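Remember, predicted model here, so these are calculated numbers, not experimental data.
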Amino acid sequence: MNDTRDSLNHDTDAELERELAALDALDDDDEPDDLEDDDDFDGAFEDLDDDPEGDDENLAHAGALSAPMAREQRLAATAQLTEEERTEIELLVGIMPPRISEAVRSEGLSGIIEIVMDLGRVPTARYGTGDVYLSATEVTEQELTQVVAQVSEFGEDNRAGIPRTLHRISAIRNRRGHIIGLTCRIGRSVSGSGGIMQDLIESGKSVLLLGRPGVGKTTMLRDVARMLADDLGKRVVIVDSSNEIGGDGDIPHHGIGRARRMQVRSPHLQHEVMIEAVENHTPEVIVIDEIGTALEADAARTIAERGVQLVGTAHGTTLSNLMQNPTLSDLIGGIESVTLGDEEARRRGTQKTILERRSPPTFEVLVEIQGFQRLAVHEDVAETVDALLRGYEAEAEIRVIGDGGNIETVERMPLRTTPAEPLNAREEPERRQMLTAAPGGPQRRLLPFGISRARLESAIDQTRSGARIVDSVRDADAVFTLRPYYRRRSGPLKQAEERGIPIYVLRNNTTQQMERQLLALRGDGDASDPTTAALRETEEAIADVSTRGAQSVELAPQSAYIRRLQHELATRHGLRTVSKGNEPFRRVTVIGEAAPPTRGLPWGDTREQRAR
């Protein structure tokens with residue numbers, strides 16, 4: 001500042017005095033305005049250093065602790081806990097060092113999931129809303145020793161507990177085997193949490209639960225065991241590998257009701273205890289937690305084949321995860337690579353090497369726990385897995401639980417078809433604006449049954465067909481479906497036949513096949529699909545024989561697969577059929593009841609004729 005003053009060149013002393021006065025004023029206000037308010041910031045750190053007892057408050061000021069509003073909500077919810085719930089949580093909080101237990105109580109007992117103590121780090125409480133630092137002082141080795149001394153002995157899985165409680169204490173060890181960290185999880189018995197699956201449990205089918213860690217699989221499994229034993233009166237045996245279902249100690253927790261509990265000496269022996277439970281204790285239901293190895297999956301299949309109902313959990317979050325897990329995919333039937341013959345690959349419209357389900361699934365029902373109040377239920381695992389492997393649309397039943405614990409909404413939603421994508425409910429595709437129909441295209445109202453609605457919409461747009469999609473047979477004048485559904489003739493297909501509505505059978509569920517059929521309906525492109533044309537000809541022949549008095553009607557030559565469909569169609573109408581001629585001119589003849597019976601097979605094909 002003095003250098004600045006000396007450098008000024010002024011003509012008069014008055015001007016010099018005025019300039020010096022202005023510079024002095026600048027000296028007094030030399031600090032930037034934004035630093036004037038830093039006293040509070042510096043004071044916070046001074047208090048942090050000088051006042052150890054105020055560390056928690058300063059951490060809260062810095063944002064490390066929970067927001068006051070969240071704390072108030074937890075404290076309000078804690079006040080509403082029942083005496084039994086509060087006592088159960090206090091059994092774990094009470095073994096913590098005093099400074100940690102007091103901090104937990106001040107933060108609130110409601111909603112707490114875990115208390116984490118790591119050597120040399122500050123203790124942390126994990127709530128459903130996030131993590132909360134309990135103190136600015138690091139955890140010491142003496143504090144870890146104090147907690148370890150008050151729990152049961154740690155097993156091979158580094159887990160311990162408190163007798164007759166559901167709490168779980170898991171240890172982290174260093175290379176020398178010394179404990180340097182503890183994860184203390186709060187165990188709760190929530191009566192009624194399994195009620196959302198009551199209809200599935202009462203059906204007698206085996207049920208598998210999937211979900212991410214901490215979402216409540218074990219809590220729901222425990223209540224299901226209680227419901228089976230107490231409400232349904234079944235003989236239930238729980239195979240408890242880590243004492244997480246029935247609690248620690250020899251006397252199980254009351255949360256499992258009258259169900260019996262078999263403890264597992266070592267986690268890698270769980271599959272042996274599963275078989276032992278069936279052989280020695282004549283259970284009607286086996287409850288298993290955390291199926292994670294191939295041996296345990298094989299044991300589960302053995303139990304299911306003996307007619308015992310299974311209820312268990314497995315590692316994974318969705319059905320797609322399980323399909324991609326080579327170790328546990330056997331729980332849903334197993335996935336294997338199959339090589340098709342040339343004719344079969346052409347018939348399916350797929351590659352020669354495909355993925356198929358190997359065997360019936362061990363668990364007939366699969367439940368994805370997507371959240372504390374949301375489930376996705378696959379009531380027929382075999383059908384869902386087959387549909388996903390073949391690229392078809394699959395659906396799941398979404399159940400949402402209300403605040404009272406009852407089912408609030410139930411809806412069926414389509415799922416993604418590729419195993420690489422998460423199996424979450426897909427949003428309804430946005431309906432596109434339809435283009436003007438091409439000349440010559442008749443107006444059609446199409447009902448898709450067993451095929452992708454979105455792909456059919458795309459095919460309509462691409463071909464500029466004058467068609468729209470309807471949702472019921474009453475509104476349709478044509479039905480698009482696939483061969484497997486046409487064979488069964490169920491639901492809308494049966495109603496369509498009774499109403500005389502034409503049914504168009506596609507080779508596969510692809511946009512190209514749909515475009516081809518739409519062009520055939522318009523009269524453009526290729527002729528009608530051979531399968532559809534052959535079945536329509538068969539229906540005309542059946543009508544001639546059944547109602548118009550014809551003795552027999554000979555159909556056009558077709559391939560072996562189409563001839564088989566023609567035989568099945570005529571047999572369902574109570575008529576006999578016979579195949580005549582040699583390939584490629586072999587053809588089916590529909591015969592009335594008055595005609596003499598054919599020899600050989602029901603369809604009239606002898607082994608020598610089929611060989612030709």
Side-chain angles (χ1 to χ4, degrees), residues 73-96 101 104-105 107-116 124-132 151-152 159-170 182-198 209 211-231 238 240-249 251-259 261 287 289-290 311-313 367 369-375 401-406:
Q73 292 177 350
R74 288 196 296 269
L75 291 174
T78 301
Q80 298 178 1
L81 293 176
T82 64
E83 188 63 29
E84 182 181 357
E85 292 172 339
R86 184 186 295 271
T87 303
E88 190 83 7
I89 298 175
E90 281 288 351
L91 289 174
L92 179 62
V93 175
I95 68 172
M96 299 289 112
S101 59
V104 171
R105 295 186 184 100
E107 288 291 337
L109 301 179
S110 178
I112 188 170
I113 299 175
E114 291 177 339
I115 300 173
V116 178
T124 306
R126 292 177 178 169
Y127 290 87
T129 55
D131 292 357
V132 175
V151 299
S152 62
R159 290 181 177 182
I162 303 173
R164 303 193 71 172
T165 71
L166 301 174
H167 307 312
R168 185 187 74 193
I169 295 89
S170 303
L182 294 174
T183 302
C184 308
R185 168 163 286 204
I186 308 294
R188 293 179 175 87
S189 175
V190 183
S191 181
S193 59
I196 190 173
M197 300 189 302
Q198 184 171 354
L209 307 181
R212 67 180 187 276
V215 80
K217 297 190 301 295
T218 304
T219 301
M220 191 172 293
L221 189 67
R222 185 183 303 116
D223 191 60
V224 166
R226 179 201 60 78
M227 183 171 58
L228 284 165
D230 293 356
D231 300 345
I238 299 172
D240 204 354
S241 59
S242 58
N243 289 345
E244 197 169 359
I245 302 178
D248 197 69
I251 303 176
H253 190 270
H254 60 81
I256 66 173
R258 296 175 58 249
R261 191 262 301 265
V287 176
D289 195 17
E290 296 183 358
V311 182
T313 65
V367 177
I369 306 177
Q370 298 180 345
F372 290 106
Q373 295 182 322
R374 182 182 174 92
L375 304 180
I401 311 172
D403 295 334
N406 299 320

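In terms of the side chain to side chain contact (heavy atoms under 4.5 Å, CB included) criterion, residue partners of Glu88 (sequence neighbours excluded) are, by chain and number, Thr165, His167, His253. Residues satisfying the side chain to side chain contact (heavy atoms under 4.5 Å, CB included) test with Val215, not counting sequence neighbours, are Arg212, Lys217, Ile369. Legend: residues meeting side-chain hydrogen bond (donor to acceptor under 3.5 Å, both in side chains) with Gln73, ordered by chain and number and at least two apart, are absent. For Ser152, the side-chain hydrogen bond (donor to acceptor under 3.5 Å, both in side chains) partners are Asp248, not counting sequence neighbours. For Glu85, the salt bridge (Lys or Arg N to Asp or Glu O under 4.0 Å) criterion is met by no residue, not counting sequence neighbours. With sequence neighbours excluded, no residue forms a side-chain hydrogen bond (donor to acceptor under 3.5 Å, both in side chains) with Glu83. The side-chain hydrogen bond (donor to acceptor under 3.5 Å, both in side chains) search around Arg188 returns none, not counting sequence neighbours. Under the rule for a salt bridge (Lys or Arg N to Asp or Glu O under 4.0 Å), the partners of Arg105 that lie at least two apart in sequence or sit in another chain are Glu90, Glu102.
Considering all non-hydrogen atoms of both residues, Arg159 and Ser170 come closest at CG-OG, 3.8 Å. Closest approach of Ile245 and Val287 over heavy atoms only: CD1-CG1, 4.4 Å. When all heavy atoms are compared, the tightest approach of Arg258 to Ala229 is NH1-O, 3.3 Å. Here the shortest heavy-atom pairing between Ala259 and Ile238 reads CB-CD1, 4.0 Å. When every heavy atom of Ser110 is checked against every heavy atom of Ala77, the shortest pair comes out as OG-CB, 3.3 Å.
Side chain of Asp240 to main chain of Gly246: a donor-acceptor pair is present (N/O by atom type, distance under 3.5 Å, no hydrogens or angles). A donor-acceptor pair is defined here as one N or O able to donate and one able to accept, closer than 3.5 Å; such a pair exists between the side chain of Thr78 and the backbone of Leu109. Under the 3.5 Å distance criterion, the side-chain polar atoms of Tyr127 are matched with a main-chain donor or acceptor of Gly108.
Side-chain contact between Val224 and Leu209 is absent, with no heavy atoms from C-beta onward closer than 4.5 Å. Contact check for Thr218 versus Thr313: no side-chain heavy atoms found under the 4.5 Å cut-off. Counting only heavy atoms from C-beta outward, the side chains of Asn243 and Arg261 approach each other to under 4.5 Å. In this structure the side chain of Met96 never reaches within 4.5 angstrom of the side chain of Val104, judged on heavy atoms. Contact of the Asp289 side chain with the Leu221 side chain is registered, since non-hydrogen atoms from C-beta on lie closer than 4.5 Å. The shortest side-chain heavy-atom distance between Glu244 and Glu290 falls under the 4.5 Å cut-off.
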side-chain contact (heavy atoms from CB on, under 4.5 Å) between Thr129 and Arg74: does it pass, once the steps are laid out?
-> CA-CA 10 Å; Thr129 55; Arg74 288 196 296 269; 3.7 Å; yes

CA sep, side-chain torsions, deciding dist, call: Leu92, Cys184, side-chain contact (heavy atoms from CB on, under 4.5 Å) = CA-CA 8 Å; Leu92 179 62; Cys184 308; 4.1 Å; yes

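Residue Arg168 holds its CZ atom at 5.0 Å from CZ of Arg185, rounded to the nearest 0.5 Å. If you take CD1 on Ile186 and CD1 on Ile112, they are separated by 5.0 Å, rounding to the nearest 0.5 Å. Here the CD1-CG distance, from Ile89 to Leu81, works out to 5.5 Å after rounding to the nearest 0.5 Å.
Screening residues 218-230 for salt bridge (Lys or Arg N to Asp or Glu O under 4.0 Å) gives Asp223-Arg226, Arg226-Asp231 as the qualifying pairs, with residues at least two apart or on separate chains.
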